[in-house]
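Both counts, for ligands and for their atoms, begin at 1 and track the order of listing. Quick caveat, the model's predicted, so the values are computed rather than measured. All values below were derived from every heavy atom in this structure, side-chain atoms included, with hydrogens, water molecules and symmetry-related copies excluded.
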Amino acid sequence: MPHRWGMVVDLDRCTGCEACVVACRAENNVPTVGEAEAARGRAIHWIRVERYVDGEFPDVRVKFLPVFCQHCDAAPCEPVCPTYASYHTADGLNAQVYNRCIGTRYCANACPYTVRFFNFFNPVWEKPLHLQLNPDVSVREVGVMEKCTFCVQRIKAAEIAAKAEDRPLRDGEVVPACAQACPSRALVFGDLNDPDSEASRLAGSHRATHLLGELGTQPKVFYLQREGGHDRQDREGDQ
Ligand code: SF4
């Protein structure tokens with residue numbers, strides 16, 4: 001059976017530290033556009049952490065919601081692309097073919113999660129920052145849409161290593177940069193077709209919901225709702 005990659009985000013664990021955001025930028029060569037372009041709404045983030053404030057000062061609670069491409073099974077971005085740059089892979093990823101993209105931005109307009117970004121200019125990495133670019137990830141140029149790939153380069157590297165050793169992929173072998181960096185293990189990535197994977201087990205939790213699930217997009221990202229920080233028994237290793 002092919003893999004079906006998905007992510008589970010435990011909102012009870014997210015502290016809003018944004019280590020995932022920094023890790024994603026470093027791993028995927030996401031450019032920093034600067035203050036002036038950000039003010040024009042041209043900032044690029046493959047993952048962002050939304051903040052919600054509950055209550056009135058001083059009795060205030062802040063909630064955090066990491067948002068990235070939901071890799072929907074019924075992705076609204078795919079049927080609107082005139083060049084099939086946005087398409088579904090056999091293992092369930094919502095892929096973006098950069099050299100097919102002609103920059104109509106129909107996909108970004110169709111996406112209810114606002115996770116697709118358009119390159120308004122060629123990014124520049126001042127020396128010596130060019131040395132930090134990840135050689136496994138292409139640098140996108142002006143006119144191209146981009147977004148989270150679930151670190152597809154890491155998925156492919158793990159698949160090639162497993163094939164070379166003539167064995168199946170193990171659960172936990174593929175870890176996207178955001179999940180690797182998260183200090184509170186709020187992000188769990190895995191194969192949803194494997195009933196024994198941690199991601200699959202958590203996706204079956206009574207706390208699991210979809211972001212804007214009522215739209216029928218069938219995301220492969222599950223959010224575990226907060227329950228006051230007490231309901232932690234569905235995570236292995238918790239006391
Ligand atoms: S690294 Fe983890 S805890 Fe920090 S903002 Fe991201 S998901 Fe939340």
Task: Partner residues of Glu146 under the salt bridge (charged side-chain N to carboxylate O under 4.0 Å, His left out) criterion, sequence neighbours left out - done: Arg140

- [ ] Apply the side chain to side chain contact (heavy atoms under 4.5 Å, CB included) test between Pro123 and each candidate in Val139, Val142, Thr32; give the one that qualifies.
- [x] Val139

- [ ] Could you name each residue pair satisfying side chain to side chain donor-acceptor pair (under 3.5 Å) that touches residues 95-107, not counting sequence neighbours?
- [x] Gln96-Arg116

Open item on the list: By the salt bridge (Lys or Arg N to Asp or Glu O under 4.0 Å) test, which pairs, at least two apart or in different chains, include something from residues 44-55?
Closed with: Arg48-Glu50, Asp54-Lys63

Task: Sorted by chain and number, the residues that approach ligand 1 to under 4.0 Å with a heavy atom - done: Cys14, Thr15, Gly16, Cys17, Glu18, Ala19, Cys20, Val49, Pro66, Cys182, Pro183, Ser184, Leu187

TODO: Using only heavy-atom distances, determine whether the side chains of Gln225 and Thr209 contain a donor-acceptor pair under 3.5 Å.
DONE: yes

- [ ] Would you please say whether a donor-acceptor pair under 3.5 Å links the side chains of Glu27 and Gln180?
- [x] no

